[in-house]
Amino acid sequence: MIRLGVNIDHVATIREARKVAYPEPVEAALIAESAGADGITVHLRVDRRHIKERDVTLLKEVVKTHLNVECSLDKGIQDFINQVKPHWVCLVPERPEEITTEGGLDLKKFFSEVKSAIERLKSNNIKVTIFVEPDVEMASLALDAGADAIEINTGKFADTGDFELLKDIEKLARKASSLGLEVHAGHGLHLRNVGYIASIHEIVELNIGHAIISRAVMVGLFEAVREMKEVMLLARGE
Ligand code: PXP
């Protein structure tokens, strides 16, 4: 059955807007899980603009499903992650000025750095996924780098609604799955576009943040997670 990973970064974004102790991301994780989330995702950024080390440490203790930490190849971040040992790590590129992750990791350019980061993470029993652009070449590069999974960037499809990009996403999902990689996807997904991605059967997990936390402001977090999962399962016929 397709899984929903709920990205709770923006609960911490609201907390950091005031530099106070609330809202508490751990509380959000528990509500999301009780509403049907199959995993909790956070991005520990080098600038610590939302999620901080204490969140990752506490979430690792509390999350009952699985904790997926998105992070760059930054040495300090990698040292910390290898110590906390979340269930999954998603390697992403990071540019300090970006508003959100802008694209997939350039696996050709950073192949050896990615490969050695994966070796270290896997020696700590952490499963690794790599955030990639919908380019079919990424499947064998991710496999050769030692990844367990890829997460396909759906951001450009979400922004443009360009169905050619949907075909590229499908093509990469099929190729990666045929090579034995797990296939995840995410970025920019919301209630109206998630069905297109959830209908691709090779994709087994979607990571969704902004749309769920935005809906939560209006309808509450439990309902926002519940309805997203319902739309995903309907699209999938599960
Ligand atoms: N996947 C990755 C790798 C991301 O960096 C993000 C954003 O943190 C997401 C998924 C979720 O994107 P959104 O917040 O647009 O749902």
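Just so you know, ligand 1 is whichever comes first in the structure, and atom 1 is the first atom listed for that ligand. Everything quoted here is computed from the prediction, not taken from an experiment. Computation of the quantities below employed the complete heavy-atom set of this structure, encompassing side-chain atoms and omitting hydrogens, waters and symmetry-equivalent molecules.
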**Message:** Can you report which non-hydrogen protein atom sits closest to atom 14 (O) of ligand 1, along with the distance?
**Reply:** H210 N, 2.8 Å
**Message:** Parallel, tilted or perpendicular: which one describes the rings of H10 and H210, with boundaries at 30° and 60°?
**Reply:** perpendicular
**Message:** Counting non-hydrogen protein atoms only, what is the nearest one to atom 16 (O) of ligand 1? Give residue, atom name and distance.
**Reply:** G209 N, 2.7 Å
**Request:** Among all protein heavy atoms, pick out the one at the shortest distance from atom 5 (O) of ligand 1; state its residue, atom name and that distance to 0.1 Å.
**Result:** T101 OG1, 2.8 Å
**Request:** Identify, for atom 15 (O) of ligand 1, the protein heavy atom at the shortest distance, and state residue, atom and that distance.
**Result:** G188 N, 2.8 Å
**Request:** Report the nearest protein non-hydrogen atom to atom 11 (C) of ligand 1: residue, atom name, distance rounded to 0.1 Å.
**Result:** N207 O, 3.8 Å
**Message:** Under 4.0 Å from a heavy atom of V92: which atoms of ligand 1 are those, numbered in the order shown and with their elements?
**Reply:** 3 (C)
**Complete:** Closest to atom 10 (C) of ligand 1 among protein heavy atoms sits E151 OE2, 3.3 Å
**Message:** Can you tell me which portion of H10 lies within the under-4.0 Å heavy-atom range of ligand 1? Options are side chain, backbone, both, or neither.
**Reply:** neither
**Any side-chain heavy-atom pair of V128 and E119 under 4.5 Å** = no
**Asked** For ligand 1, which atoms sit closer than 4.0 Å to a heavy atom of N7?
**Response** 8 (O)
**Message:** With no hydrogens and no angle check, just 3.5 Å: does a side-chain donor-acceptor pair link H43 and T100?
**Reply:** no
**Message:** Looking at I126, is its backbone amide N or carbonyl O close enough to the side chain of N124 to form a donor-acceptor pair, meaning the two atoms are under 3.5 Å apart?
**Reply:** no
**Item:** Shortest protein heavy-atom distance from atom 2 (C) of ligand 1, along with the residue and atom involved
**Value:** E70 OE2, 3.1 Å
**Complete:** Nearest non-hydrogen protein atom to atom 12 (O) of ligand 1, with distance, is H187 CA, 3.5 Å
**Message:** Tell me whether the rings of Y196 and F157 are parallel (<30°), tilted (30 to 60°) or perpendicular (>60°).
**Reply:** perpendicular
**Message:** Any nitrogen or oxygen of F131 lying under 3.5 Å from a nitrogen or oxygen in ligand 1? Just yes or no.
**Reply:** no
**Asked** For D135, does its backbone N or O pair with a side-chain atom of E133 as donor and acceptor, under 3.5 Å?
**Response** no
**Prompt:** Going by distance only, is there an N or O of T100 that falls short of 3.5 Å from an N or O of ligand 1?
**Reply:** no
**Message:** Within ligand 1, which atoms have a heavy atom of I208 less than 4.0 Å away?
**Reply:** 16 (O)
**Message:** Checking side-chain polar atoms at under 3.5 Å, does E33 have a donor or acceptor matched by the opposite partner on T65?
**Reply:** yes
**Prompt:** Between the side chains of E205 and N207, is a donor N or O closer than 3.5 angstrom to an acceptor N or O?
**Reply:** yes
**Prompt:** Would you say the side-chain atoms of R236 pair up with the backbone N or O of A198, donor to acceptor, closer than 3.5 Å?
**Reply:** yes
